[in-house]
Amino acid sequence: MSEDLQSHVFEADLTWTGTGFEPGVRLHVDAGGRFAAVTRTDAGQAAPDDAVTRLPRRALLPGFVNAHSHAFQRGLRGLGETFPAAAGDFWSWREEMYALVARLYEERLYELCLAAFREMRDAGVTAVGEFHYLHHHDPDRLDFAFDDVVLAAAAAAPIRIVLLEVFYAAGGIGQPLTGAQRRFATPSPEVYWAQVDRLADRLAGDGSQSLGAVAHSIRAATPDQVAALHAEARRRGLPFHMHVEEQRQEIDACRAAYGARPMAVLLDRLEISDAFTAVHCTHTEPGHLERFAAAGGNVCVCPLTEANLGDGIPPLAAVPAARDHLCLGSDSNARISMLEEARWLEYGQRLAGERRGALRDDAGRVGPGLLAAATRGGARALGLDAGEIEPGRWADLVAVDLDHPSLAGAEADTLLDALLLGGADGAVAATCVGGRWRQSGG
Ligand SMILES: [Zn+2]
């Protein structure tokens, strides 16, 4: 993504305009990799035909934004799925994850990140928020060697990345970091922000890499630390992310230590805005979720990982205000499919509530909201000019194959629902990041 680009114009058979798929839409991309204009062929302002790259039998959508990933956990796929002693849970899975953490080194981490990021491109993801806490090869030296590995893998994939640099200071409330957790260590805010400053100088110069700030969870940072980190992130204009209320055990521990649930602590101590993204909110009380969304906060749901880990289902259907604040993450990367994440965002609510159309909009439609969660909701959470096809935003796109068997029979007005609820990842023919195309699978 570092070479110079010519400006150019694309026209596919159909293009998502924010409300529907339309023919005759021309996307003008400038040399910097952003949309310069969106024109209609019937509006008399189109580019000359010979300057247009036609994309026959394709439909264009905004590129999917994967707002929450731990790329290295791609190395766990196929592992930890037998349960000889007893039923497993998040905590038994975490031991498996720590065993992987203990044996990683730079080259293996690079392979795993590259594999995950390329698989994301194949699944239509053009931007990823990499929630990165596996910092050190040598924890005794606090070398942060693995941070550079993630950025290098993203550049090679290539994929747009927001490196969500994680502050991680405790191994549980009031507990030291032990064993593999020592590779996550940011012992003080000073060490953490010095590393953020260092990373800022190492980002790709083409705008494809940026930074965000993170407190891992209420287990890994005290409320005082979270509040200070968040205030500094706001001062710097960085998005801020945190795992919130994925596990009941975490909520119980937080209540015992601080007298309130994690979300209540955050609502009490922080000035929540659209720069704050709470990941999971699986067990968040509806009233807390309502206050959080009303303040502008983003809720990142990771349906496939939450299902794989047996976490539970967040109470989204009970909180209409949260529906405009959703985004999606592939989290553990046990499966990488944004189409599945989107459909299971709705399906989880259907299974929990025994009702269809749980996340419908005022017009009764489900598809536009699911697409928004997979695109502009993620872009908002990551502070990216992406997620919508409009001038000034990054030219990040998904090209869907209208001849793919999983979409047979779909017309312009049913294509979105057909894709989101029935489409296979193989229907993602290509993706475009900053105006540069990559065919899926290669
Ligand atoms: Zn996570």
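FYI, side chains are in, hydrogens and waters are out, and symmetry mates aren't considered; it's all heavy atoms of this structure. Atoms within a ligand are numbered from 1 in the order they appear, just like the ligands themselves.
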Ignoring hydrogens and angles, state whether a donor on the side chain of Asp331 or Gln73 is under 3.5 Å from an acceptor on the partner side chain.
-> no

Without hydrogens or angle criteria, can the side chains of Trp91 and Gln249 be said to hold a donor-acceptor pair below 3.5 Å?
-> yes

Does [X] bring an N, O or S atom to within less than 2.8 Å of the Zn ion (ligand 1)?
| X | answer |
| --- | --- |
| Glu246 | no |
| Cys302 | no |
| His280 | no |

Could you tell me the angle subtended at the Zn ion (ligand 1) by NE2 of His68 and NE2 of His243, rounded to 10°?
->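 It rounds to 90°.
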
Please round to the nearest 0.5 Å and tell me the distance separating atom CZ of Arg121 and atom OG1 of Thr431.
->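 One finds 3.5 Å between CZ of Arg121 and OG1 of Thr431.
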
For the rings on His216 and Phe167, is their centre-to-centre separation under 6.0 Å?
-> no

Sub-6.0 Å ring centroid separation between Tyr133 and His70 = yes

Name of the Asp331 N, O or S atom nearest the Zn ion (ligand 1)?
-> OD1

